[in-house]
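In what follows, chains carry the letters A, B, and so on, assigned in the order in which the sequence lines appear, proteins first and then strands, with residues in each chain numbered from 1. Below, each value reflects all heavy atoms present in this structure, side chains not excepted, and no hydrogens, waters or symmetry copies.
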Number of protein chains: 2
Amino acid sequence: MKKKLSIHDIARELGVSATTISFVLKGGERGKKVSEPVKQRILSYIESIGYKPNPIAQNLRTGKSKIIGMLVEDISDPFFSAIGRIVEDSLYKSGYKIFHASTDNDTEKARNLLHLFRERQVDGYIVAPTPGIQKEILELLHEAKPVIVFDRYFPEIATTNVVIDNAGGAYTATMHLIENGFTKIAFVTLDSDQIQMSERLAGFNKAIAEANLESRCLKVRYKTSVQNLSAEIKEFISGYAGVDGILFGTNYLAVSGLKAIQDLQMIIPNDIGIVGFDDNSHFELFTPSITAVAQPVEQISKKIVQLLIKALSENDTVLTAKTYALPTELIVRESSVRNATFAVKTNMSKSETKL
Amino acid sequence: MKKKLSIHDIARELGVSATTISFVLKGGERGKKVSEPVKQRILSYIESIGYKPNPIAQNLRTGKSKIIGMLVEDISDPFFSAIGRIVEDSLYKSGYKIFHASTDNDTEKARNLLHLFRERQVDGYIVAPTPGIQKEILELLHEAKPVIVFDRYFPEIATTNVVIDNAGGAYTATMHLIENGFTKIAFVTLDSDQIQMSERLAGFNKAIAEANLESRCLKVRYKTSVQNLSAEIKEFISGYAGVDGILFGTNYLAVSGLKAIQDLQMIIPNDIGIVGFDDNSHFELFTPSITAVAQPVEQISKKIVQLLIKALSENDTVLTAKTYALPTELIVRESSVRNATFAVKTNMSKSETKL
DNA sequence: CTCGATTAGTAAATCGGTTTACCATTCAAA
DNA sequence: TTTGAATGGTAAACCGATTTACTAATCGAG
């Protein structure tokens, strides 16, 4: 393995200056002013030895790292890892690399991670913010760094946000339960003020109010173990006599809730109808299969990347603060639809095609 | 937001040289030789303005990036994202950041990604290798970079490997099916030569041979859509009359297989017993719940980090080539155990505690 | 008292690029 | 013929640290 050559080594070898080589490689205004023969000689030599400029040196001089910092709640959560995967692939294609980090929705952790990203001079940020992180986000914007906020956002600060229609999704899901004859419907959600959760609650309440039903709600402490969540939900269901339908606010709440319902030996959907927020590839295979509000993961990812790339290329233009709320899709499966054939245990064929 | 100060700004401010500051910050042999008063003055000033050395400049000068490159097959796969999460957290604590990338098991892609990592001067590599990537890994070792290979490895090259006891896991799982009265057992796996898959096959065959049964095996083309996989498995089951038990080689094969079995309206475990390789938090909630060979995700991650950190700190010591094969655990659930009560659809309480 | 070693500190080179400022030519217009 | 603008190129500063090599001053031993 020969020592890596620097631009100066090449300059010496070719009898030109490093400056000229740099101009040729950058192209642009100044690159045009290099004569064709010299340009060709440089390019073909570089091609032949496979020279690539050292990105760290470039970074130091220009301040551009070609790295994006991505902050999510938990990269091992299927929703975030799906988005992470698509964003990663797209950005690599544009020559960017990614620093991932998980906050666990912990403000202090998020703050530290953003500082780390900043030290490393990342060129842009993709952030699913934790509560209380507004100031830090504003600082980034103040430094004219592109920031895309997603999954949740702060209405009070002017950022570019990519989210889903949480209220609409919850409303549609609740309406669906109502239309299927469930009347004592509860919303099981997090005890959180974050906007995605409060909007889901609002959507739920709107549907409940329109149908003149009573609003039932369980707000659990944030994301403890499945065991704890399950116990809490079990207590809620048995304590709150007569719940016959549940909309779960997140995918892991749905999982914990399903376990609770199993433990209570209740039959879905006969005893209780279920809809989850955030679909999962396994929900189709559950018995009964689980109805869910699906988030358009692909679209969310593409939108994030599109906005970010645009902001990074038009380096003078600041992102316009705007909230993009993408539509959700209710994937109706067995868990929310009462019908006669379901009383018998049988694997019925699914009509849906979407996975 | 004030301009970030450099070490020279501080030097000027304090009337000392940048060299001295650098020595103080590094500590070590040379740091001892700075007088106490000067040292204190520097440290307290730095503390007061919150100075942090620019890591890019450090990187350029020292060649150390404090970044680890992590190459997995697919970061959105639950197995890899779980490992990614734990590794990430641990390495951040040690001051490292991580570049993730997904190969989709594509050799060319993996090659490019490794080159990108190398250009970026990552300090170490964590790699779930694709086929045919031996040469590139050897090159990295040749540059004296720490490389931890995991999930699969190449027996022919001397690397540090963190894997699981694939043969043992498959053997135990197959034996379990045999002990539960299944006799026409098939192994549904990938058409792949990678060692993790061939060892699983070997473990399966060993158990089958010991029980004097006939070995049945379906090797599917690599990871197409769930629809395609499902169709292929369906055809296999119906075509290969009399299969009454299946060990699935990967988690997504199990999912596709379950869909196939649902479509065929077969009853698990009465008509067919099922064991999956690689557990999933949802398997407990399926009806029936799914027996699986669980990989010790936490242990794998910790081992990877431990070996890597050790190699990074003892910067002269080269990693000893060794394969660490961690034990699997068979999580027995309903899908592989025939019993009378199961004929009736009922949610039975689980005895297991593990999730 | 002198020489060598230790101590405390610094100037300058370096990592590998980019960018600014400047220097010759050449060519066209006045 | 002179001037002024392009043209084609380079030298040197710079980004912000680390590291090498060197200088003074002090100290202790012979």
Side-chain angles (χ1 to χ4, degrees), chain A residues 2-43 45-46 49-67 95 118-121 123 315, chain B residues 2-43 46 49-67 95 118-123 315:
Chain A
K2 41 185 101 149
K3 268 262 128 303
K4 269 211 121 193
L5 296 178
S6 79
I7 199 171
H8 289 103
D9 298 326
I10 296 175
R12 198 175 315 117
E13 183 70 28
L14 256 47
V16 298
S17 76
T19 310
T20 305
I21 299 179
S22 181
F23 285 157
V24 169
L25 287 182
K26 302 275 92 170
E29 205 47 28
R30 204 57 219 261
K32 301 292 165 206
K33 311 212 156 205
V34 176
S35 70
E36 207 50 37
V38 173
K39 196 185 294 191
Q40 283 315 316
R41 212 151 55 85
I42 292 174
L43 286 176
Y45 184 69
I46 278 175
I49 64 167
Y51 166 78
K52 289 267 182 59
N54 179 330
I56 284 101
Q58 293 185 127
N59 186 176
L60 179 59
R61 179 68 236 244
T62 63
K64 303 269 166 232
S65 61
K66 297 296 254 178
I67 297 175
R118 202 168 67 115
E119 272 176 28
R120 280 286 173 171
Q121 301 184 193
D123 292 342
N315 44 3
Chain B
K2 42 186 102 154
K3 268 262 130 300
K4 268 211 121 195
L5 297 177
S6 80
I7 199 171
H8 287 103
D9 298 325
I10 296 175
R12 198 175 315 117
E13 184 71 26
L14 256 47
V16 297
S17 76
T19 311
T20 305
I21 298 179
S22 182
F23 286 156
V24 168
L25 288 182
K26 301 277 90 169
E29 206 48 28
R30 201 57 220 263
K32 302 292 165 205
K33 312 212 156 206
V34 176
S35 69
E36 206 50 36
V38 173
K39 196 184 294 188
Q40 284 315 317
R41 211 151 57 83
I42 291 174
L43 286 176
I46 279 175
I49 65 166
Y51 166 78
K52 290 267 183 57
N54 179 330
I56 285 100
Q58 292 185 126
N59 187 176
L60 178 60
R61 181 67 238 246
T62 64
K64 302 272 166 230
S65 61
K66 299 295 255 177
I67 298 175
R118 202 167 67 114
E119 272 176 26
R120 280 285 174 170
Q121 303 185 191
V122 303
D123 292 342
N315 44 4

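- If you check every strand for non-hydrogen atoms under 4.0 Å, A:S35 touches sugar and phosphate atoms only.
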Going through the distances and angles, do B:R120 and A:I67 end up as a side chain to side chain contact (heavy atoms under 4.5 Å, CB included)? CA-CA 11 Å; B:R120 280 285 174 170; A:I67 297 175; 3.7 Å; yes

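- Rounded to whole Å, the distance from CG on B:N54 to P on C:dC15 is 18 Å.
- Running 5' to 3' along DNA chain D, contacts with non-hydrogen atoms of chain B at under 4.0 Å begin and end at D:dG16 to D:dA21.
- Scanning all heavy atoms of the two residues, the minimum distance from A:P53 to A:L25 falls at CG-CD1, 4.5 Å.
- Taking 4.0 angstrom as the limit, B:T19 places none of its side-chain polar atoms (N or O) nearer than this to OP1 or OP2 of C:dA12.
- Atoms CZ (B:R120) and C1' (C:dG17) sit 13 Å apart, rounded to a whole Å.
- In this structure, the CD atom of B:E119 is 14 Å from the C1' atom of C:dG17, given to the nearest Å.
- Using a 4.0 Å heavy-atom criterion, one finds that B:S6 contacts the sugar-phosphate atoms exclusively.
- DNA chain C lies under 4.0 Å from at least one heavy atom of each of the following residues of residues 23-34 of chain B: B:F23, B:R30, B:K33, B:V34.
- In terms of position along DNA chain C, the nucleotide closest to B:S17 lies nearer the 5' end than the nucleotide closest to the other residue of the pair B:R61 and B:S17.
- Place A:G15 and B:P55 on DNA chain D by their nearest nucleotides, and A:G15 ends up nearer the 5' end.
- Residues A:A18 and A:A11 share a closest heavy-atom pair of N-CB, 3.6 Å.
- Going from atom CG of A:L60 over to atom C1' of C:dC15 covers 9 Å, rounded to whole Å.
- The two atoms that bring B:K32 and B:K39 nearest to each other are CA-NZ, 4.4 Å, heavy atoms only.
- Checked options A:K33, A:R30, A:E29; the residue passing with A:F23 is A:R30 (criterion: side chain to side chain contact (heavy atoms under 4.5 Å, CB included)).
- Smallest separation of non-hydrogen atoms from B:K4 and B:D9: O-OD2, 4.2 Å.
- Between the OG atom in B:S17 and the NE2 atom in B:H8 there is a gap of 8.5 Å [rounded to 0.5 Å].
- Within the 4.0 Å cut-off from OP1 or OP2 of C:dT18, at least one side-chain nitrogen or oxygen of A:Q58 is found.
- Heavy-atom distances to DNA chain C give each of A:T62 and B:H8 a nearest nucleotide, and the one nearer the 5′ end belongs to B:H8.
- Computed from coordinates, the B:L14 CG to C:dG9 P distance equals 12 Å when rounded to whole Å.
- When every heavy atom of B:N54 is checked against every heavy atom of A:Q121, the shortest pair comes out as ND2-OE1, 3.3 Å.
- In terms of heavy atoms, B:K66 sits closest to B:D123 at N-OD2, 2.6 Å.
- The separation between B:I21 atom CD1 and C:dT10 atom P is 9 Å, rounded to whole Å.
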